[in-house]
Amino acid sequence: MARADVVVVGAGLAGLSAAVGLAEAGARVEVLATGHAATHWAPGGLDVAAVPGTETPAAGLRLLAARPQHPYALLASHVAPALAWLRGVVAGSGLVYVGDLDAPIRPVPTSVGRTRPAAILPEGQAAALAPWAPDERLLICGPLGFKDFWPEAVAAGLRRPEAWPGTAGPARVDAVTFEPPGFRGTRNHNALDLARAFDDASWREAALVAIARAVSAAGPGPGRVALPACLGLADHPAVLEAARATLPLEPFEVPLVPPSLPGLRLYRALREALRRAGGRLQIGEAVQRVDVEAGRVVRVAVPAAARQHLVATGALVLATGGIAGGGLLATMDGRLEETVLGLPVEAPDADAWLAQDPLDPQGHPLEAAGVRTDGQLRPVDPTGASGGAALYENVHVVGSLLAGQRYLRERCGDGVALASGHLAAELLGSGRATGRQSLAEARR
């Protein structure tokens, strides 16, 4: 039987943040996950709080923290240190983030010809954050035959003034294409194919020359060029540096449909940090069984080839996601179930899950469903049946599984994930979660 100080269930931003933080503090950590999480389809930026009507993530954070039932009521003070910690961790893999809590929230282009609000982006996307000068153009440039990025369609959407809410967009939006070397006649390549090609230095040089020709042919004048987010995976910093040196306009990446290359870069940076710190990661199977003794989780089991992988543990961090992540499932009788421990779920009645208007700008009540916790992120019964006491002494809930957030409309999911994962690691690593020794000290 394997042994760990902490088992983390879930390999998204919340779970990996908790796991890396704990491993760096000296704890033995094992991450178990059914599959990959939101990093693989999210655009790669860090959404802390972009509440409609607020101008900075800090302003949105203050607004949400004032709501007693929102996770930020507990986590607000942990967001800034969690962000600073993440920047340091991923910088070791060459992944740099631009922007902070006080940066203005600006509309940045998407691959469907609209914009989305953002303030903290990876360096490869960050050029999109600068305000547009009155004479500046935006050039949408994509490879021929690439099914996930259609430059003329993207440009047509971004030419509309309503695509740039609350601000002036570029003076002109044009579209061009280039032919990626060796891809002539192909129609089924995706972002990963192109990213791996860009990782090859000789292919990269030829491709950037082709892009530079296409950009130059579009005519002179100040501007920026938007490229599909495929500028390398393993060697992204070198690809970005070469693109800046070769292209006549400042480049930035536009995230695509999954798989998200910016999200994959973030995941890979956190995975490598976990491995460097001695943590373990196993992806592919759902938790099959959890053993509890005297109010504490003591073992976690997942299926393995011809056997069962059993891990004895001192604590459990639940980072399985909410409705979208599969951490909550609906039953035929109109209930929501938490999938690992069967924890009580705070949610409206089934007949009130959805708004009458499917596109209601306020969202759907079901979005705020989740697990309610105490101040140490330990699960409690939202009905008050437990008298406010934690249901498990050594279980901590993080990320979008936490009740009270509407992360789609509030754009707070990354901030909640980081802050809760960071706090869980701090509590468990220091022993403050239980009043005992730290996990590393207890093991020694």
Side-chain angles (χ1 to χ4, degrees), residues 13-14 17 38-39 42-66 70-72 75-91 93-110 114-134 136 138 158 163-170 223-226 229 236-237 240 244 250-255 260 262-263 265-266 269-270 405-422:
L13 185 56
S17 295
T39 49
L46 298 175
D47 287 340
V48 171
V51 183
T54 57
E55 296 183 352
T56 65
L61 180 59
R62 288 191 295 269
L63 182 66
L64 295 176
H70 197 280
Y72 276 156
L75 298 171
S77 64
H78 298 276
V79 173
L83 278 171
W85 170 83
L86 179 75
R87 287 179 189 272
V89 168
V90 300
S93 296
L95 187 57
V96 175
Y97 276 86
V98 176
D100 55 33
L101 295 180
D102 294 314
I105 298 170
R106 299 191 185 280
V108 298
T110 72
R114 301 291 297 271
T115 59
R116 61 184 179 88
I120 305 173
L121 292 177
E123 188 178 19
Q125 301 176 40
L129 290 170
W132 293 92
E136 194 177 8
L138 169 60
L158 293 173
W164 305 89
T167 189
R224 286 168 256 177
V225 57
H236 171 63
L240 182 60
R244 287 172 169 166
E250 185 176 15
F252 65 87
E253 289 189 310
V254 176
S260 163
R265 293 170 195 144
L266 176 58
L270 288 169
Q405 59 185 304
R406 293 194 174 191
Y407 49 82
L408 293 177
R409 174 174 169 77
E410 298 163 351
R411 293 186 177 269
C412 64
D414 299 321
V416 169
L418 277 172
S420 58
H422 191 261

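Computed from heavy atoms alone, side chains included, the values below leave out hydrogens, waters and symmetry copies.
- With sequence neighbours excluded, the residues forming a side chain to side chain donor-acceptor pair (under 3.5 Å) with Arg224 are Glu136, listed by chain and number.
- Residues satisfying the salt bridge (charged side-chain N to carboxylate O under 4.0 Å, His left out) test with Arg114, not counting sequence neighbours, are none.
- Considering only heavy atoms from C-beta on, Pro122 stays 4.5 Å or farther from Phe252 through its side chain.
- In this structure, CG on Leu418 lies 7.5 Å from CH2 on Trp85, to the nearest 0.5 angstrom.
- Rounding to the nearest 0.5 angstrom, the gap separating the CZ atom in Arg265 from the CD atom in Glu123 is 11.0 Å.
- The two residues Pro107 and Pro165 come nearest to each other via the heavy atoms CG-O, 4.3 Å.
- With sequence neighbours left out, the side chain to side chain donor-acceptor pair (under 3.5 Å) criterion links Arg409 to no other residue.
- Listed by chain and residue number, Gln125 satisfy the side chain to side chain donor-acceptor pair (under 3.5 Å) test with Arg116 (two or more places apart in sequence, or in another chain).
- One finds the OG1 atom of Thr39 at 8.5 Å from the CG atom of Leu270 (value rounded to the nearest 0.5 Å).
- Put simply, the side chain of Tyr407 does not reach to within 4.5 Å of the side chain of Asp47, judged on heavy atoms.
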Give the table of side-chain donor-acceptor pairs shorter than 3.5 Å for residues 51-59, with sequence neighbours excluded, one pair per line with atom names and distance.
| from | atom 1 | to | atom 2 | distance (Å) |
| --- | --- | --- | --- | --- |
| Thr54 | OG1 | Val51 | N | 3.4 |
| Thr54 | OG1 | Val51 | O | 2.6 |
| Thr56 | OG1 | Ala59 | N | 3.1 |

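- To the nearest 0.5 Å, atoms CZ (Arg62) and CG (Leu101) are separated by 9.5 Å.
- Taking CG of Leu13 as the reference point, atom CG of Leu86 lies at 6.5 Å (rounded to 0.5 Å).
- Judged purely by atom type and a 3.5 angstrom limit, Trp132 has no side-chain atom pairing as donor or acceptor with the backbone of Gly223.
- Taking His422 as the reference, nothing meets the side chain to side chain donor-acceptor pair (under 3.5 Å) condition, with sequence neighbours excluded.
- Rounding to the nearest 0.5 Å places OG1 of Thr115 at 12.5 Å from CZ of Arg106.
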